[in-house]
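Every chain is numbered from 1, with letters handed out A, B, ... down the list of sequences.
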Amino acid sequence: MSMPKTYDFASTEERLYLWWEKNGWFKPECRPADAEPFVISIPPPNVTGELHMGHAMFVALEDLMIRHARMRGKAALWVPGTDHAGIATQLQVEKMLRASGTSRQEIGREEFLDATWEWKDKYGGRIVRQLRGLGASCDWDRQRFTMDDGLSEAVLEAFVRLYRMGLIYRGERLVNWSPGLQTAVSDLEVEYSDEEALLYYFTYPIDGGGGIPVATTRPETILGDTAVAVHPEDERYGQYIGRMARVPILNREIPVIADAYVDREFGTGALKITPGHDHNDFEIGQRHGLPLVNVMNKDATMNEQAGPYAGLTREDCRGRLWADMEAAGLTLKTEPYVRQTPRSQRGGEIIEPLLSKQWFVDVEPMAKMALEAVRSGRIRIVPERFGKVWENWLTQIRPWCISRQLWWGHRIPVYYVNGDEAQLVVARTEEEAYALARQRYGEEVVLEQDPDVLDTWFSSALWPFSTLGWPAETPDLRRYFPTDVLETGYDILFFWVARMAMTSLLFMNDIPFHTIYLHGLVRDEHGRKMSKTLGNVVDPLEVVAEYGTDALRFTLLTGGTPGNDLNLALSKVESNRNFANKIWNIARFVSRSIERVSPADRPAAPDYSTADQWILARLTETVASVNRLFDSYLYGEAGRQINDFLWGDFADWYVETAKVQLGEGGGRAWTTLSVLRYVLDQALRLLHPYIPYVTEETWQQLKAAFQEAGLGIAPNEGWAEALIIADWPRTTALDLPAAADFELLRELVRSIRNARAESGVVPGRKISAIIAGPGADRLAPMKPVLAFLAGLDEERLTFAAGAAAPENCLTLSLGEVTGYLPLAGMVDLDQERERLREELADTSAQIERVSGLLAGPFAQKAPPPVVQKERERLVRLEASRDELAGRLAALEA
RNA sequence: GGGCGCUUAGCUCAGCCGGUUAGAGCACUUCGCUUACAACGAAGGGGUCGGGGGUUCGAGUCCCUCAGCGCCCACCA
């Protein structure tokens with residue numbers, strides 16, 4: 001059994017993944033039937049999407065949670081799946097059709113859907129393979145797709161129920177229309193960007209003389225104006241209220257109305273009202289009973305209502321109309337203006353508020369429940385501050401437009417009777433629809449299903465329960481619902497998370513998860529959003545290929561804090577790749593050390609050295625701290641602490657010390673090896689949820705090596721079959737009285753190393769030392785360790801509490817102990833005096849500070865342990881000062 | 001117009017319940033291939049924790065305020 005010098009993730013990852021999966025460890029059934037479940041529903045990626053850092057982030061976090069729960073003995077279930085992503089997928093397929101010289105309109109609905117399913121089958125597996133590559137321990141047998149049979153049934157069920165509850169209705173409303181996609185989109189799918197534009201000023205002529213100046217950013221909407229509004233108390237225009245104005249060019253007659261919505265301070269203080277093309281104007285129009293005039297077609301060209309401008313694009317119309325108005329002497333001026341331009345989240349084209357007939361969900365009753373769930377603490381949001389965002393959005397929520405004029409998606413289960421849209425039935429299936437229709441409208445009915453499909457988010461809103469079988473009462477639904485944690489990026493809190501909470505509370509009468517954990521966006525090294533145009537996109541697959549999955553995962557998990565964006569630096573990924581290698585090499589050392597111990601060395605009772613006690617105590621502290629941090633979802637900090645422990649304490653100090661202890665042979669060596677094994681084993685367990693591959697591989701190597709050796713060194717529980725299902729560490733109460741002495745040793749070693757370096761002692765040269773002071777006796781048992789770590793000559797290393805300083809030595813004063821280093825011929829006495837003076841000054845300053853502290857109110861008001869710590873510090877400082885002063889006096893004499 | 005976040009070493013970030021002259025990685029300087037690891041080790045330099053005020057025995061950590069940067073929500077033409 002030999003481990004190569006460098007950890008080779010490339011030959012490890014896939015092998016382990018397949019092995020874990022083959023053994024059923026990704027399934028909750030690998031735990032006893034009475035085990036407590038722990039469930040996460042995956043945020044389903046777009047079925048034909050490509051892996052990006054956001055995916056890597058959620059996989060890292062959710063897999064961490066799942067693996068942790070699994071190791072704690074829970075029936076951990078991570079339900080995987082993909083989303084049909086209506087608009088995104090349809091766009092991709094349409095693009096493909098265009099490339100092959102056809103279009104969806106040309107091939108028709110049925111053939112288009114066939115093509116899309118084909119596309120899905122062809123590319124749908126890719127994202128899943130990529131998720132697997134990141135180590136996601138999902139139960140792939142339970143994988144779902146938003147358009148598979150079961151989930152489609154759930155969608156129908158949900159729609160029908162909502163409709164029958166009166167929460168779904170159809171209405172002609174001003175919706176956000178995407179002219180290129182030719183579909184409505186929801187409010188959430190519109191993004192506003194500040195863009196340079198012009199504000200056009202012109203005069204509305206009033207019948208009977210005079211005029212009202214108004215301003216607009218979109219002159220083409222003038223053609224749809226149905227009123228001019230002024231503030232009721234505006235003296236400038238009061239005379240015109242109730243009179244008639246004339247729409248430029250069209251000469252249509254419209255009223256001048258008064259509405260307090262108008263801001264007298266802004267622009268001209270008067271407002272043109274276009275209820276058919278502006279959301280605010282729509283509301284004003286409703287208040288005043290104004291007619292709606294729609295001047296545009298679905299493709300955002302002007303329609304017959306635009307008179308002479310019919311057929312023009314909205315942009316062309318704007319130019320032509322303005323030119324005509326200028327010619328007619330109606331214009332006043334234009335000025336530069338920054339406009340909040342509504343753009344489609346998908347295509348980026350300008351969204352047109354357009355009058356159209358759509359289906360809506362009245363989400364208010366559900367929103368109330370979702371609000372209450374968070375307010376009452378039934379659902380907890382991490383980080384907490386997002387609770388406020390939740391509150392704001394849900395309290396001012398508006399109806400959700402759920403119909404999309406697309407083909408790829410769940411078709412709306414509404415059937416119109418005999419071509420009359422006023423007569424309709426809503427049913428789960430066509431048969432059911434016919435039955436209903438016949439009942440209501442007679443035997444001779446012909447039904448036609450609504451051509452529209454549902455918003456993609458409608459199906460994902462049901463995800464936590466639809467994936468478990470709902471509406472069927474399946475065993476999975478009973479056992480695994482509600483799920484536990486919903487982990488995702490804060491950017492889809494409204495799109496997805498809030499809607500899941502709403503539908504679950506309505507249909508399941510329960511919360512869908514008790515905790516919402518939100519992570520931030522992954523940005524580039526300098527905090528810029530990753531974008532193709534900027535060319536700063538970091539591809540997770542490339543990172544994984546170069547540094548390994550573990551390195552990327554650990555970077556994402558420890559590089560930031562919950563809910564905050566993370567700037568990804570490759571230099572960090574590289575150091576974390578090195579961390580994996582460090583782990584590997586520690587294990588390599590421990591494995592190799594086995595041959596230095598024989599079963600006969602086993603002591604009757606364990607006798608832990610100071611170093612053993614120290615590392616065991618540090619392990620206990622680390623485990624306790626990690627568990628506490630995990631309880632608060634502070635995975636980043638926990639990961640950093642494990643890293644510090646393993647590298648900074650275990651590798652840098654204990655492993656080095658172990659080299660000496662192993663050399664002593666006998667029971668000492670045996671115990672040392674058992675401590676090495678135990679601590680490494682526990683650390684690997686703590687790290688497994690973060691970096692599953694290197695930990696499992698290392699653990700298996702260790703296990704094999706120890707089993708082969710038959711040393712009788714093993715944890716009480718024995719070895720589990722695999723780390724992935726091994727027990728999560730628990731804190732143990734051990735009596736470790738000497739643990740603190742090792743800290744003293746570390747201090748002394750560091751101090752000696754420093755002195756050596758500053759005096760230019762060549763590394764290989766062993767020097768002599770005298771260790772004095774009250775702590776000397778406690779360090780004496782560690783003589784060989786001290787000698788090894790500090791490069792001392794063991795023959796010329798002595799411990800004596802009252803030892804006097806020899807001639808020509810350096811003095812290292814630590815308070816409890818003092819080290820004298822007689823560096824024959826190398827001590828520059830002037831330099832040493834200077835150094836001692838500096839240290840003395842520094843020490844005295846500290847004494848002044850601490851004694852001042854202890855003399856003040858601090859001693860009474862601070863908690864006793866804190867005061868005690870300062871008292872002890874003062875004692876050490878004073879001892880140090882006396883020592884330094886003494887030495888200085890001696891040298892100055 | 002509301003709300004939120006960030007501002008700590010040259011860079012990227014930690015610092016969780018306030019505890020006493022601030023930590024990591026990278027970069028930098030010096031030294032070392034010592035039989036786990038040069039994807040490493042040892043030593044070192046580097047920060048008035050954005051500004052101001054307050055609470056407290058004690059503040060990077062809590063409160064107020066100002067500034068800069070970023071994000072979200074919102075109906076100012």
### Task
Using a strict 4.0 Å threshold on nitrogen-to-oxygen distance, state whether R618(A) and D649(A) make a salt bridge.
yes
Under 4.0 Å between any heavy atoms, over every strand shown, what does [X] touch: base, sugar-phosphate, or nothing? Just pick one.
| X | value |
| --- | --- |
| R218(A) | nothing |
| P865(A) | nothing |
| Q340(A) | base |
| T268(A) | nothing |
| R750(A) | sugar-phosphate |
| Y261(A) | base |
| F630(A) | nothing |
| G856(A) | nothing |

Say you pick atom [atom1] in [N] and the same atom in [M]; how far apart are they, in whole Å?
| N | M | atom1 | result |
| --- | --- | --- | --- |
| C71(B) | A27(B) | P | 31 Å |
| C26(B) | C76(B) | C1' | 48 Å |
| U7(B) | C66(B) | C1' | 14 Å |
| U8(B) | C16(B) | P | 16 Å |
| U20(B) | G15(B) | C1' | 15 Å |
| A14(B) | A22(B) | C1' | 11 Å |
| A24(B) | G19(B) | C1' | 22 Å |
| C11(B) | C33(B) | C1' | 30 Å |

Can you tell me if [X] and [Y] form a side-chain donor-acceptor pair at under 3.5 Å?
| X | Y | value |
| --- | --- | --- |
| N578(A) | S575(A) | no |
| N176(A) | E189(A) | no |
| D259(A) | H231(A) | no |
| K272(A) | T274(A) | yes |
| R640(A) | N643(A) | no |

Rounded off to whole Å, could you give me the [atom1]-to-[atom2] distance for the [X] and [N] pair?
| X | N | atom1 | atom2 | result |
| --- | --- | --- | --- | --- |
| L854(A) | U20(B) | CG | P | 13 Å |
| Y192(A) | G1(B) | OH | C1' | 16 Å |
| Y547(A) | G25(B) | OH | C1' | 14 Å |

### Task
Under the side-chain contact (heavy atoms from CB on, under 4.5 Å) rule, what do F282(A) and L292(A) come out as? Steps first, then yes or no, please.
CA-CA 8 Å; F282(A) 181 85; L292(A) 284 163; 3.8 Å; yes
#### Entry: Candidate list W393(A), F495(A), F386(A), test ring pair (Phe, Tyr, Trp, His ring centres under 6.0 Å), partner Y490(A), passing option
F386(A)
### Task
Under the salt bridge (Lys or Arg N to Asp or Glu O under 4.0 Å) rule, collect the residues that match up with E838(A), sequence neighbours excluded.
none
### Task
Please state whether the phosphate of C76(B), meaning OP1 or OP2, lies under 4.0 angstrom from any side-chain nitrogen or oxygen of N280(A).
no
### side chain to side chain contact (heavy atoms under 4.5 Å, CB included) partners of T561(A), counting only residues at least two apart
N564(A)
### Message
Can you work out whether E637(A) or K869(A) has the more 5'-proximal nearest nucleotide on RNA chain B?
### Response
E637(A)
## Note on the structure
Taking for R640(A) and for A757(A) the nucleotide of RNA chain B with the nearest heavy atom, the one nearer the 5' end belongs to R640(A)
Enumerate the protein-to-nucleotides 35-41 of chain B contacts in which both atoms are nitrogen or oxygen and the separation is below 3.5 Å.
{"from": "A36(B)", "atom 1": "OP1", "to": "K659(A)", "atom 2": "NZ", "distance (Å)": "3.4"}
{"from": "A36(B)", "atom 1": "O3'", "to": "R588(A)", "atom 2": "NH1", "distance (Å)": "3.1"}
{"from": "A36(B)", "atom 1": "O2'", "to": "N585(A)", "atom 2": "OD1", "distance (Å)": "2.5"}
{"from": "A36(B)", "atom 1": "O2'", "to": "R588(A)", "atom 2": "NH1", "distance (Å)": "2.7"}
{"from": "A36(B)", "atom 1": "N7", "to": "K659(A)", "atom 2": "NZ", "distance (Å)": "3.3"}
{"from": "A36(B)", "atom 1": "N6", "to": "A651(A)", "atom 2": "O", "distance (Å)": "3.3"}
{"from": "A36(B)", "atom 1": "N6", "to": "E656(A)", "atom 2": "OE2", "distance (Å)": "2.9"}
{"from": "A36(B)", "atom 1": "N3", "to": "N585(A)", "atom 2": "O", "distance (Å)": "3.3"}
{"from": "C37(B)", "atom 1": "O4'", "to": "N585(A)", "atom 2": "OD1", "distance (Å)": "2.8"}
{"from": "C37(B)", "atom 1": "O4'", "to": "N585(A)", "atom 2": "ND2", "distance (Å)": "3.4"}
{"from": "C37(B)", "atom 1": "O2'", "to": "N581(A)", "atom 2": "ND2", "distance (Å)": "3.4"}
{"from": "C37(B)", "atom 1": "O2", "to": "K582(A)", "atom 2": "NZ", "distance (Å)": "3.0"}
{"from": "C37(B)", "atom 1": "N3", "to": "K582(A)", "atom 2": "NZ", "distance (Å)": "2.9"}
{"from": "A38(B)", "atom 1": "OP1", "to": "K5(A)", "atom 2": "NZ", "distance (Å)": "3.0"}
{"from": "A39(B)", "atom 1": "O4'", "to": "N578(A)", "atom 2": "OD1", "distance (Å)": "3.2"}
{"from": "A39(B)", "atom 1": "O2'", "to": "N581(A)", "atom 2": "ND2", "distance (Å)": "3.2"}
{"from": "A39(B)", "atom 1": "N3", "to": "R577(A)", "atom 2": "NE", "distance (Å)": "2.9"}
{"from": "C40(B)", "atom 1": "OP1", "to": "N578(A)", "atom 2": "ND2", "distance (Å)": "2.9"}
{"from": "C40(B)", "atom 1": "O3'", "to": "K582(A)", "atom 2": "NZ", "distance (Å)": "3.1"}
{"from": "G41(B)", "atom 1": "OP1", "to": "K582(A)", "atom 2": "NZ", "distance (Å)": "3.1"}
{"from": "G41(B)", "atom 1": "OP1", "to": "W647(A)", "atom 2": "NE1", "distance (Å)": "2.4"}

#### Entry: Range-with-range stems for RNA chain B, at least three Watson-Crick or G-U pairs under 3.5 Å
B:1-7 with B:67-73, B:10-13 with B:23-26, B:28-32 with B:40-44, B:50-54 with B:62-66
### Task
With sequence neighbours left out, write down each residue that passes ring pair (Phe, Tyr, Trp, His ring centres under 6.0 Å) with F202(A), or none if nothing qualifies.
Y204(A)
### Query
Taking the six-membered ring of W653(A), is NZ or CZ of R753(A) closer than 6.0 Å to its centre and within 45° of its axis?
yes
### Message
So if I define the base as every atom that isn't primed, P, OP1 or OP2, how would nucleotides 3-12 of chain B read as a B/S/- string at a heavy-atom cutoff under 4.0 Å?
### Response
SSS------B
### Message
Would you say the ring centers of F9(A) and Y693(A) fall short of 6.0 Å from each other?
### Response
no
### Query
For the base of A24(B), is there a side-chain donor-acceptor partner from Q641(A) under 3.5 Å away?
no
